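We use all heavy atoms of the structure for the numbers below, so side chains are in, but hydrogens, waters and symmetry mates are not. All values derive from a computational prediction rather than experimental measurement. Along the sequence shown, the residues carry numbers beginning at 1.
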Amino acid sequence: MDAYDLVVLGGGSGSQVATAAAGDGLSAAVVEPGPLGGACVTRGCVPSKALIHRADIIAELRRASEFGVDAELEAVDYGEFTAAIHDAVYEKADRQADSLEAAENVDRYRGTGRFVDERTIEIDSGDADSGDDDGERIRGDTIVIAVGGRPVVPPIDGLESVEFLTSEDALFLDSQPDSLVIVGGGYIGTELGYFFGALGTEVTIVGRSDRLVPREDDAVSDVVTTSLGEYCDVRTGYEATAVEEADGGIVVTAEPSGDEGDGGDAIDREADDLLLAAGRRPNTDTLNLEATGVETDESGHVETDDRLETSVDGIWALGDVLGEQPYKHAADYETRVVTANVLEDAGETVDYGAMPHAVFTSPQVASVGRTEGELEDAGREFSAVTVPVDAAPLGMILHADDGFVKVLAASDGEILGCHIVGPHASTLIQEVVTAMDRGEGTVDDVAEPVHVHPALSEAVYAAFDELSSRRYSTAPDWRDTDGA
């Protein structure tokens, strides 16, 4: 049995702990059944955003007349661009695998790792291309659990008798569906709904909550729900309860969920395909954690302390198995913390207070910190300011009519939250994240620096300036100016 100083279960962000250990002269192993890079590279955010970029181009073409441009979309070569995206992301995964396998002091095992005891892992190749490692056992003085997650398949009557797509399956279809029912109104369902709807697929989104992306600030959810209505038939306040085949397609029955929303009687929606986007679950059920003392919560997420060590000394966890922040950038951050603690005993702790996220719909959404509802529920006093994106001249030029910047701050100026809707929101949020994470985290930290004119960041500047303690201001406000 081969023994290693460090074994990482999972070939995504966690593999960087192994390469860092190898760089320090330690022996390391990475156990992963599929392509390296984790779900993000080949089954998640990278290919999905490549698809959404195509949707953005099409959406811009269709609104070109707003800007005096006569343009017409003649055709979409769907299979060609999905194939190109597939090849690009899997080539990236192959390069990452080549780099790992060429590194000194690191071994890669193709298969799923399964605990035999707290320090012994058995390799199950399953459906992997090579079974050379099947049944082999390895030991690790230190083990990192980073096996990620997979799409949830909700309990819907009849689902076992019909074909359906998950959010991973939907990324590389050979042909565009003419019609589609999406079950799930979170960020995955809304992003894919926007993509398919913008391309012309007849899309119905069925969501349990009264608004789409219900975990966002209410003002954000309202805009996303309204804007998605331009591309999809949005049915909020409904829960899919049954599916069946009909005339070569699928019929989905949805009943009122009990939340406020459309409500009323049950509805039936027929489509060529069914896409399940009801969230993700951790892959911890593949690990045989019963053979260890590693504790999980009722949903299977691994429980750790604030240093990301599990209930077993020397076993650590990061990424989607934690469930705290299901984002690739969060996993990368957690990887830094685990690496420092494993290799240097640094005692670093995680702090998610300035952890941002984005939703790549149209308009785009980005948030950091608390929502207004969360602050109200916590009984926290705060001030709120909302400034439309078209207060900045570029926002007006881009006709970003539904965009805004919302800032939540304490009486002493501490930034409690920021929510941006509009073009390039995922980029605009970064200066707020930096202020919250590196500076004092006050509104003045954002309002005082000079902002480029005329850039969209002036909308961020204008929102924070309204809460600033400065007496004089030169923040732009083009809200009373006619469009350009």
Side-chain angles (χ1 to χ4, degrees), residues 8 10-20 32 35-53 89 92-93 96 144-150 167-168 171 186-188 190-191 213 215-217 220 279-280 282-283 301-302 304 306-308 316-341 348-361 364-371 415 417-421 424-439 441 446 457 460:
V8 177
S13 295
S15 65
Q16 298 174 66
V17 186
T19 54
E32 167 62 53
L36 291 188
C40 178
V41 173
T42 56
R43 307 182 301 281
C45 39
V46 174
S48 68
K49 302 315 171 283
L51 294 175
I52 288 169
H53 176 57
V89 298
K92 164 62 176 173
Q96 190 164 335
V144 178
I145 299 173
V147 293
R150 63 186 186 274
S167 56
E168 295 180 356
L171 299 177
Y187 73 93
I188 296 175
T190 54
E191 287 186 348
V213 289
R215 295 185 179 181
E216 301 297 324
D217 190 270
V220 173
R280 294 178 67 83
N283 287 328
H301 292 102
V302 176
T304 70
D306 57 5
R307 298 175 305 119
L308 299 183
W316 305 72
L318 62 88
D320 286 356
V321 296
L322 301 182
E324 181 71 27
Q325 300 283 338
Y327 314 112
K328 175 65 164 70
H329 51 272
D332 289 342
Y333 164 64
E334 291 156 358
T335 295
R336 296 204 316 264
V337 172
V338 169
T339 301
N341 289 338
E348 288 195 15
T349 59
V350 289
D351 181 357
Y352 298 113
M355 181 62 66
H357 66 271
V359 183
F360 291 79
T361 48
Q364 203 174 99
V365 168
S367 297
V368 63
R370 311 291 289 278
T371 67
I415 302 169
C418 180
H419 309 277
I420 303 177
V421 176
H424 307 293
S426 60
T427 300
L428 296 176
I429 199 71
Q430 196 59 46
E431 70 168 311
V432 184
V433 175
T434 300
M436 293 175 68
D437 190 56
R438 298 297 184 190
V446 178
S457 58
V460 180

>> Looking at every non-hydrogen atom in both residues, tell me the closest pair between Ser426 and Ala358 and how far apart they are.
In response: CB-CB, 3.7 Å
> Taking all atoms of both residues into account, what is the closest heavy-atom pair of Thr339 and Ala20, and its distance?
Replying inline: CG2-CB, 3.7 Å
> Between Gly319 and Ala331, what is the shortest heavy-atom contact and its length?
Replying inline: CA-CB, 3.9 Å
> Going by heavy atoms in the side chains, are Glu324 and His301 under 4.5 Å from each other?
Replying inline: no
>> For His424, is the NE2 atom crowded, meaning more than 12 foreign heavy atoms sit under 6.0 Å from it?
In response: no
> Is the backbone of Asn341 close enough, under 3.5 Å, to the side chain of Glu348 for a donor and an acceptor to pair up by distance?
Replying inline: no
> How about Arg150: does its CZ atom have over 12 heavy atoms from other parts shown lying under 6.0 Å from it?
Replying inline: yes
> So, Ser367 and Glu216: side-chain donor and acceptor under 3.5 Å apart, yes or no?
Replying inline: yes
>> With a 4.5 Å cut-off on side-chain heavy atoms, are Val433 and Gln430 touching?
In response: yes
> Rounded to the nearest 0.5 Å, how far does CG of Leu308 lie from CD of Glu334?
Replying inline: 6.0 Å
>> With rounding to the nearest 0.5 angstrom, report the OG1 to CG distance, Thr42 to Leu171.
In response: 9.0 Å
> Roughly how far apart are Ser15 OG and Glu32 CD, rounded to 0.5 Å?
Replying inline: 9.0 Å
> Can you name the closest pair of heavy atoms from Val321 and Ile145 and give their distance?
Replying inline: CG2-O, 3.7 Å
> Any sub-3.5 Å donor-acceptor pair from His329's side-chain atoms to Pro356's backbone N or O?
Replying inline: yes
> Got Arg280 and Pro326 here, is their nearest side-chain heavy-atom distance under 4.5 Å?
Replying inline: no
> Between Ile415 and Val368, is any pair of side-chain heavy atoms under 4.5 Å apart?
Replying inline: no
>> A side-chain contact here means heavy atoms from C-beta on lying under 4.5 Å apart; do Thr190 and Val359 qualify?
In response: yes
> Under 6.0 Å from the NZ atom of Lys92, do we count more than 12 heavy atoms belonging to anything else shown?
Replying inline: no
> Using 30° and 60° as the class limits, which term best fits the ring planes of Tyr333 and Tyr352: parallel, tilted or perpendicular?
Replying inline: perpendicular
> Do you know which two heavy atoms are closest between Ala425 and Gln364, and how far apart they sit?
Replying inline: N-OE1, 3.3 Å
>> Return the SG to CZ distance between Cys45 and Phe360, rounded to the nearest 0.5 Å.
In response: 8.5 Å
> Where do Val365 and Val213 land on the side chain to side chain contact (heavy atoms under 4.5 Å, CB included) test, with the steps shown first?
Replying inline: CA-CA 10 Å; Val365 168; Val213 289; over 6 Å; no
>> What I want to find out is whether Lys328 reaches Asp332 closely enough, with some N-O distance under 4.0 Å, to be called a salt bridge.
In response: yes
> Can you check side chain to side chain contact (heavy atoms under 4.5 Å, CB included) on Val350 and Thr304, steps first, answer last?
Replying inline: CA-CA 11 Å; Val350 289; Thr304 70; over 6 Å; no
> Do you know the tightest heavy-atom contact between Arg43 and Pro35?
Replying inline: NH1-CG, 4.1 Å
>> What I'd like to find out is whether the side chain of Arg307 reaches to under 4.5 Å of the side chain of Thr349, using heavy atoms alone.
In response: yes
> How about Met436 and Cys418: do any of their side-chain heavy atoms sit closer than 4.5 Å?
Replying inline: no
>> When you compare the side chain of Thr371 with that of His419, does any pair of heavy atoms fall below 4.5 Å?
In response: yes
